[in-house]
Amino acid sequence: MPESPRKAVPMDSITTTSEPFPFDNSYARELEGFYVPWQGEEFVHPQLEIFNEELAAMLGLSLDLEKDQLAAFFAGSDMPKGAAPLAQVYAGHQFGGFSPQLGDGRALLMGEVVTPAGKRFDIHLKGSGPTPFSRGGDGKAALGPVLREYLMGEAMHALGVPTTRALAAVTTGERIMRTRLKPGAVLARVASSHLRVGTFQFFAARGEWDKVRQLADYAIERHYPDLAKRDDAYLAFLAAVSKRQAELIAHWMQVGFVHGVMNTDNMTISGETIDYGPCAFMDAFDLNTVFSSIDHHGRYAYGNQPVMGRWNLTRLAETLIPLIDPDNETEAINQATDVLADFVSDHKQAWLTGMGQKIGLSGIAQGDDALIKHLFDAMAADRVDFTSCFRALAVFLRGDQGPLTALFADQSRLNDWLERWQRRLEEDARPKVDIAMEMDRINPLYIPRNHLVEAALERAEEEMDLTDFKRLLSMVTNPFNRQAGKEAFEGPAPAEFGPHITYCGT
């Protein structure tokens, strides 16, 4: 563990305030040595800018408190009774290069809550100040990236994609230096856990196999309890994580999402999307779409995400080999290799099923893979807007060809595909209007359009006005139902917006 000019805080000496959070902190209790107890920065004037009351209710938080008290909690300046704030340690491959020690450099796990339904979630603060893992950084966050993560997480949740979610966004009263001075902020986010592939890598890289085993046992009990008593529990654990990630990445592809920074420290064991940095939703369909300013070679391009998912899972498998078969490394490697091969088929099945539903197929038959690829080839050739195209297909089924044909420059290529598609739909006994209705339930009309996101974040940072942000948030959290007078939220960026570029870090 690193040394720090600030000392680690003994867990039993952390100052807390008596408030109704149903904490039960298994990570702090069961994994000593996997974290450093820590407290957030003492911000003088934190302000609660936005609070997710629906999520708070789901978590069972009875937060009938003054806004100033909530702001202090979610900034990390104060801790409610029962909290166990700590900075987690992990490692990670970042753009292919291994960093043996990363960790929560600007974040704290406040604690875990168990909901009335019996589900366990982390409450995690991002931007709460430096920790022993900050590596020279200030440990803080600017308002724009905090709001971006809030917006993206809630949009993904509304789309049905497994994700961390946003509980609150707080401004700190400070101005912090990035490219220029910007208002400081903290995000309170919620996840099933913050266990990452990189958490396993940290201890495996040090040869601390007892801790790898301890971590695996904890992860199994928390996320895959049905596996705990199996003789092959660790191999089954790898298979379960692999399947969840295969399905998650298929979800991303189905909504045109590019994560942008699929490092191993950004891949969760729970199968949730985490760390919305240089991410964005694709407008014009292109498998090579990249938004990150530093991804010069397309490592994390839209179409490369399944490949990188398997690469990351291979790194997880490497940490589990001594657990899978302590007596026969060769056999353990062979078994893990078979699991990783299943990732390919699991992802393809999830992708094909989801994409089939997007074009109105009730099930997958031979030739459907080629049918979907034919559509994507036509979309790529004319740089057709991904989200608009699938909505226009449903309109076409209702008898209006205009919105769909307007998207394609090459009508002959489109018509060839439409003939194949309509022949395929004839195999389905459902009326076309019913198929169109089903398509509208899974194909969003409103996504976080890049030009709208940037405009809303700029206004928030420059004017401390969240009006545009809240309006956009309301649209993307109700993505399937058309709202009258909201046409400006439907389409891609105008040509003058130019190529969209995003940046790592907050």
Side-chain angles (χ1 to χ4, degrees), residues 155-161 250-257 281-285 349-449 474-492:
M156 292 284 269
H157 174 72
L159 291 169
V161 182
H251 272 290
W252 292 354
M253 308 287 278
Q254 289 154 20
V255 295
F257 176 75
F281 284 77
M282 178 171 59
D283 283 345
F285 178 76
Q349 185 60 44
W351 178 88
L352 190 57
T353 299
M355 289 299 185
Q357 290 171 346
K358 287 178 73 69
I359 62 170
L361 306 183
S362 58
I364 297 301
Q366 186 175 2
D368 288 344
D369 193 355
L371 178 66
I372 295 166
K373 184 179 184 301
H374 187 178
L375 173 61
F376 284 159
D377 288 344
M379 291 170 64
D382 286 342
R383 295 190 56 78
V384 170
D385 183 70
F386 183 85
T387 301
S388 300
C389 183
F390 292 100
R391 291 293 294 206
L393 287 175
V395 175
F396 179 91
L397 287 183
R398 295 186 178 99
D400 184 356
Q401 300 182 18
L404 181 63
T405 56
L407 296 173
F408 288 83
D410 188 338
Q411 298 298 311
S412 62
R413 186 185 289 112
L414 172 63
N415 289 335
D416 287 344
W417 182 81
L418 286 173
E419 288 181 12
R420 294 182 60 185
W421 179 49
Q422 291 180 96
R423 286 198 303 270
R424 176 66 177 87
L425 291 182
E426 287 173 1
E427 300 173 16
D428 194 323
R430 295 176 298 163
K432 288 185 177 180
V433 278
D434 291 349
I435 296 174
M437 188 179 302
E438 289 295 322
M439 291 170 66
D440 282 347
R441 291 194 182 108
I442 62 169
N443 289 317
L445 185 63
Y446 307 114
I447 60 169
R449 293 288 188 177
S474 72
M475 300 301 295
V476 301
T477 52
N478 184 21
F480 302 109
N481 300 317
R482 175 168 273 109
Q483 298 184 39
K486 304 295 185 181
E487 292 79 9
F489 292 91
E490 294 183 22

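Hydrogens, waters and symmetry mates are skipped; everything else that's a heavy atom, side chains included, is used. The model shown is predicted, which means the values in this text are computed figures rather than measured ones.
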**Item:** Value rounded to 0.5 Å, distance of CD in Q254 from CG in L352
**Value:** 9.5 Å
**Item:** Considering all heavy atoms, the nearest W421-L371 contact
**Value:** N-CD1, 4.0 Å
**Asked** Quick one: side chain to side chain donor-acceptor pair (under 3.5 Å) partners of Q349, sequence neighbours excluded?
**Response** T353
**Request:** Would you name the heavy atoms of R413 and A381 that are closest together and state the gap between them?
**Result:** NH1-CB, 3.5 Å
**Asked** By salt bridge (charged side-chain N to carboxylate O under 4.0 Å, His left out), which residues pair with D434, not counting sequence neighbours?
**Response** none
**Request:** State, yes or no, whether a side-chain contact exists between Y446 and N478 at a heavy-atom distance under 4.5 Å.
**Result:** no
**For H157, all residues meeting side chain to side chain donor-acceptor pair (under 3.5 Å), sequence neighbours excluded** = R165
Could you go through residues 391-407 and list every donor-acceptor pair under 3.5 Å that involves a side-chain atom there, pairing it with any protein atom two or more places apart or in another chain?
| residue | atom | partner | partner atom | Å |
| --- | --- | --- | --- | --- |
| R391 | NH1 | D440 | O | 3.2 |
| R391 | NH1 | N443 | O | 2.9 |
| R391 | NH1 | F480 | O | 3.1 |
| R391 | NH2 | F480 | O | 3.4 |
| R398 | NH1 | D440 | OD2 | 3.1 |
| R398 | NH2 | D440 | OD2 | 2.8 |
| D400 | OD1 | G402 | N | 3.1 |
| T405 | OG1 | Q401 | O | 3.1 |
| T405 | OG1 | G402 | O | 3.2 |

**Complete:** To the nearest 0.5 Å, atom CG of D416 lies from atom CG of D410 at 8.5 Å
**Complete:** Hits for side-chain contact (heavy atoms from CB on, under 4.5 Å) against A155, two or more places apart or cross-chain, chain-then-number order -> P448, V476
**Asked** What is the minimum heavy-atom distance between D382 and A409, and which atoms define it?
**Response** OD2-N, 3.0 Å
Residues 372-380 side chain polar contacts: donor-acceptor under 3.5 Å, at least two apart:
| residue | atom | partner | partner atom | Å |
| --- | --- | --- | --- | --- |
| K373 | NZ | D377 | OD2 | 3.1 |
| H374 | ND1 | R420 | NH1 | 2.9 |

**Item:** Check: C389 and F408 side chains under 4.5 Å, non-hydrogen atoms
**Value:** yes
**Prompt:** Which residues pass the ring pair (Phe, Tyr, Trp, His ring centres under 6.0 Å) test with F281, sequence neighbours left out?
**Reply:** F257
**Item:** Main-chain N/O of F489 paired to R449 side chain as donor or acceptor, under 3.5 Å
**Value:** no
**Message:** Applying side chain to side chain donor-acceptor pair (under 3.5 Å), can you list everything that pairs with E490, at least two apart in sequence or on another chain?
**Reply:** R482
**Request:** Give, for atom CE of M355 and atom CD1 of I364, the distance between the pair rounded to the nearest 0.5 Å.
**Result:** 11.0 Å
**Fill in**
By salt bridge (charged side-chain N to carboxylate O under 4.0 Å, His left out), E426 pairs with (sequence neighbours left out) none
**Fill in**
Distance col, row K486:NZ vs N481:CG, nearest 0.5 angstrom, shows 14.0 Å
**Fill in**
By side chain to side chain donor-acceptor pair (under 3.5 Å), R430 pairs with (sequence neighbours left out) D428
**Prompt:** Which residue pairs pass the salt bridge (charged side-chain N to carboxylate O under 4.0 Å, His left out) test with at least one member in residues 360-370, sequence neighbours excluded?
**Reply:** K348-D369, D368-R424
**Request:** Mind checking the CD-CZ spacing from Q357 to F390? Nearest 0.5 Å is all I need.
**Result:** 12.0 Å
**Request:** Evaluate the criterion side chain to side chain contact (heavy atoms under 4.5 Å, CB included) for residue pair L361 and L425; output intermediate values, then yes/no.
**Result:** CA-CA 7 Å; L361 306 183; L425 291 182; 3.9 Å; yes
